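Before any comments, here is the structure.
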There are 2 protein chains.
Amino acid sequence: MGRIEYKNYDRFLLAVDCIIFGFDGTGLKALLVKRGLEPEIGKWSLMGGFAEKDESVDSAAQRILYRLTGLEKIYMEQLHCFGDVGRDPGGRVVSIAYFALIKIDESSTELLNSHNAKWFDLKKLPSLVFDHKAMVKLAKERLQQKVSNHPIGFELLPNKFTLQQLQGLYEAIFETAFDKRNFTRKILSLGILQRLDEKEKESSKKGAFYYIFDKKKYKQLESEGIKLI
Amino acid sequence: MGRIEYKNYDRFLLAVDCIIFGFDGTGLKALLVKRGLEPEIGKWSLMGGFAEKDESVDSAAQRILYRLTGLEKIYMEQLHCFGDVGRDPGGRVVSIAYFALIKIDESSTELLNSHNAKWFDLKKLPSLVFDHKAMVKLAKERLQQKVSNHPIGFELLPNKFTLQQLQGLYEAIFETAFDKRNFTRKILSLGILQRLDEKEKESSKKGAFYYIFDKKKYKQLESEGIKLI
DNA sequence: ATATTAAATGTATATTTTACATTTATTTAT
DNA sequence: ATAAATAAATGTAAAATATACATTTAATAT
């Protein structure tokens, strides 16, 4: 019926590219792959792929993330549509960029290896294909903004973590140091952290308590969008 | 060269839909048009169109806004890519939504009429085609968020405006009343408003001073993203 | 001169943010 | 058993910001 109305308009290849963030305790990291097709084959690139006719763009992003990491039910958010004419010299491709937050130790090492994937510190990125550098830059800005109002930082940490690890994450994301006392007080005042009896003893003799976060209150705050930073 | 690498992937129609906001002194308004093609011809719709091969998606959005309003150099921002499979019963169309802020009296009345366009109060929207209601909802949320940190509200007001008009705009956007004294103090403390000697005398005997905003300081704040609300 | 109307303005209190140094728990060495 | 070493845990005062709330002022119309 209506379908024929549309037939004369231009059609586009639709790519999906994922900025996959991770945190290893030192710096904020992004997962990159060696591009496997021309043009620019062999150069570092975001993980991406083409959307298919019978899937939503969101599903395509999930599929592509899964293909690389083996992970499902991951925090992922649409970032931006990159639609400049010459952005991909290989053709007129419009790309929808997504960013994902994963726990760095939970992704499948074999899968990463088979894709020639590697974690890069955001401050030491190699040169990237096309407009992928701009995508990473925008994703980092959005992550900062998002993490200021939503407690999604926990997506990047192991299930149990110390307050210093949490602070380290925020410091990595914002590239700035926070006062330990003020940070601790503020985070604890949100009431979304639960202290375990267990301690982390690697990095000090006294040991630092592990915390987990209270998923119920977390959900509450997430929907309300409480100010964190 | 590389071009042939891509040839086997699915291609998509790319639509651009614009949420055009305006403010008439009473409520926040959106500009809607009567859809001119099947399916759902004759129903209220956002202004939209198909992207073309030789233009960026951003340019397509500008073109479509211009076609309806006759306006150029308008504040416009990409909102979101809507990519669900069945969102448009007329075909597999992925839509990139943009939102624009215009001064309601500056758009060409003849153009609006020729497109059967009409301003609707956001609180009294008619039913809309496809997923356009969701687009408007998201746009309104983004506008609230954006206006909290960036002084873009001025894009919706005439060049000179009173403090009460400005407050009215913010109250319309947030659907909440602000304390006049506190609002005035906060806005003036930003130092981006410049008071004129001229007064608006329609709505009171005393008259209210007109203000314009200081573009230089505005640019500064815009880039810094200062907290407004 | 008086009444009318909406604009302009100030202050005290509560809350949040910031800056900053000492004490505590545990392990290791003597 | 005691002392030394290490990083964790903790409190408080000052500054800045946000909130709540009522009176005075400028201009016009009578």
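Predicted model, so just to flag it, every value in this text is computed and none were measured. Numbers restart at 1 for each chain; the letters A, B, ... are given by sequence-line order, proteins then strands.
Of the residues A:Y210, A:Y211, A:F209, the one that meets the side chain to side chain contact (heavy atoms under 4.5 Å, CB included) test with A:L196 is A:Y210.
In this structure, A:L190 atom CG and C:dT16 atom C1' are separated by 13 Å, rounded to whole Å. Distance, A:F183 CZ to C:dT18 P: 13 Å, rounded to whole Å. The nearest whole Å value for the distance from the CZ atom in A:F178 to the C1' atom in C:dC20 is 18 Å. One interatomic measurement links the two molecules: CZ of A:F209 to P of C:dT24, which rounds to 15 Å at whole-angstrom precision. Between A:I187 atom CD1 and D:dT10 atom P there is a gap of 15 Å when expressed in whole angstrom units. Between the C1' atom of C:dG10 and the CG atom of B:L188 lies a distance of 14 Å, rounded to the nearest Å. The NZ atom of A:K205 sits 17 Å away from the P atom of D:dA9 (whole-angstrom rounding).
Separation of atoms CG (A:L68) and OG (A:S114) is listed at 8.0 Å; rounding is to 0.5 Å.
A heavy-atom distance below 4.0 Å to DNA chain D is reached by these residues of residues 194-202 of chain B, ordered by number: B:K199, B:K201.
Summarising the local packing, NZ of B:K199 is surrounded by more than 12 heavy atoms from other residues, nucleotides or ligands at distances under 6.0 Å. Taking a 6.0 Å sphere around NZ of B:K137, one finds it holds 12 or fewer heavy atoms contributed by other residues, nucleotides or ligands.
A cation-pi arrangement is not found for B:K124 relative to B:F120, the charged atom failing to lie both closer than 6.0 Å to the ring centre and inside a 45° cone about the ring normal.
Contacts of B:S203 with the nucleic acid, taken as non-hydrogen atoms under 4.0 Å apart, involve only primed sugar atoms and P, OP1 or OP2.
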With B for base contact, S for sugar-phosphate-only contact and - for none (protein heavy atoms under 4.0 Å), nucleotides 19-25 of chain D reads BBBB--B
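Ring-plane geometry between A:F154 and A:F213 is classed as parallel, the angle between the planes falling under 30 degrees on a 0 to 90 degree scale with a further cut at 60.
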Going through the distances and angles, do A:D105 and A:K103 end up as a salt bridge (charged side-chain N to carboxylate O under 4.0 Å, His left out)?
CA-CA 6 Å; A:D105 54 300; A:K103 300 182 204 303; over 6 Å; no
message: Evaluate B:M47 against B:L31 for side-chain contact (heavy atoms from CB on, under 4.5 Å), listing each step before the verdict.
response: CA-CA 8 Å; B:M47 181 67 184; B:L31 191 52; over 6 Å; no
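Annotation: A:F183 is in aromatic contact with A:Y170 [ring centroid separation under 6.0 Å].
Where B:G207 and A:T184 each meet DNA chain D at their nearest nucleotide, the meeting point lying more 5' is that of A:T184.
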